[in-house]
Amino acid sequence: MPEKFSTSHKSSGALPAAPRHVAIIMDGNGRWAKSRGLPRIMGHREGARRVLDVFEAAAKSGVEFLTLYAFSSENWNRPKTEVKALMKLLMASLKKYGKMFLEKEVRFRTIGDISALPEDCRGEIEKLEQSTRRFTKSNLVLALNYGSRGELVRAVNKIGKSSNITWEDIQKNLDTADIPDPDIIIRTSGEMRLSNFLLLQAAYSELYFAGVYWPDFGAKEFEKAMREYAKRERRYGLTTEQLKNK
Ligand code: FPP
C-alpha cells in the first residue's frame, strides 16, 4: 500500500484519529448575507473571518494540511463588482494572515493558476510562500483560480508528448504534487457536489456535507465533522477483514 494511503497515523488511544489533510468547499456566503438582507460581499467578509477560526480548530485537532477552495476558475463569471471585491478581500486577508503564519510557523501555499490574479495579489502570495517555505508541520493551502480539469490540462501539457504515462507521472505534475490527498472533503451550505475541486485527489476521500452556510461554520461545526470522520472506516478497496489484519 503506498505511503500516502497508509492508515498508520490513526491512533488507537482515547483521542479520535485526526485526518492529516482536510479540504473544504466554503459555500453559502451569498445566501448567508441574503438571509440577513445584507449585500453578498458582507457574507464573503464574514466567511474570511471563519478561515482563521477553522484553521485554528484544524491545527488544534492535529490536521497538517488545510486546503480551502477560495476562488474557482469558474468564479470569474460572477458580476465584475463581486470578483473585484473578492480580490480585494483576498489581498487584505493575505496581509492579515502573514503575521500569523510566521508566528505560528505555518507554511502557506496555493494551488490553481495564479498567473491570472491581479498583480498585487500575486506579489503578496509569492512573498508569503517564500517567507513560510521552511515550515513543515502545518500547511494552509488556498485554491485560487483553481479547477480540477484545468489542473489536469496543465499537468498533461507539462508532461508533453510521451508514451506509457503512469499515474505517478500525472500525480507529480498536478498542482498538489507534494501535498497528500485529502482524507476528508467538507462542503458547507447543504450542496452535495464537488464542483471541479480536487477530483483526482478525492479518489479515496471521505465526503462530509454540513447543512450550515460557511459564515456559520466555526470550530464547533469543524469538530463535529472530525468526530464523524473518526467513525468512518476507510477501506481503500479492501475488505474489513483485510484491514483488521494489516
Ligand atoms: C462561496 O459562497 C464562496 C466563495 C465563492 C468565495 C470564498 C471566499 C471566502 C470564504 C472569503 C475570502 C477567502 C479568503 C481565503 C480570503 P457563494 O458566494 O458561492 O455563496 P452562495 O452559493 O450562497 O451564493
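Sequential numbering from 1 along the given sequence is applied to the chain's residues. Counting starts at 1 for both ligands and their atoms, in listed order. Computation of the quantities below employed the complete heavy-atom set of this structure, encompassing side-chain atoms and omitting hydrogens, waters and symmetry-equivalent molecules.
- The OG1 atom of T81 sits 10.0 Å away from the CZ atom of R40 when rounded to the nearest 0.5 Å.
- Those atoms of ligand 1 with a heavy atom of Y97 less than 4.0 angstrom away are 14 (C), 15 (C), 16 (C).
- Counting heavy atoms under 4.0 Å from ligand 1, residue R78 touches it through the side chain alone.
- In this structure, I125 and F108 have side chains that are in contact, with non-hydrogen atoms separated by less than 4.5 Å.
- In this structure, E191 falls outside the shell of residues with a heavy atom less than 4.0 angstrom from ligand 1.
- N164 approaches D169 most closely through the heavy-atom pair O-OD2, 4.1 Å.
- Counting heavy atoms closer than 4.0 Å to ligand 1, residue F55 contributes nothing at all.
- Closest to atom 1 (C) of ligand 1 among all protein heavy atoms lies M26 O, 3.0 Å.
- At the shortest separation from atom 11 (C) of ligand 1 among protein heavy atoms lies H44 O, 3.5 Å.
- At a 4.0 Å heavy-atom cut-off, ligand 1 does not touch F71 at all.
- In this structure F55 satisfies the ring pair (Phe, Tyr, Trp, His ring centres under 6.0 Å) test with no other residue, sequence neighbours excluded.
- Residue S93 approaches ligand 1 through these ligand atoms, each under 4.0 Å from one of its heavy atoms: 16 (C).
- The protein atom (non-hydrogen) at minimum distance from atom 9 (C) of ligand 1 is N29 ND2, 3.6 Å.
- Taking a 4.5 Å side-chain heavy-atom cut-off between Ile, Leu, Val, Met, Phe, Trp and Tyr, the cluster of L102 extends to F135.
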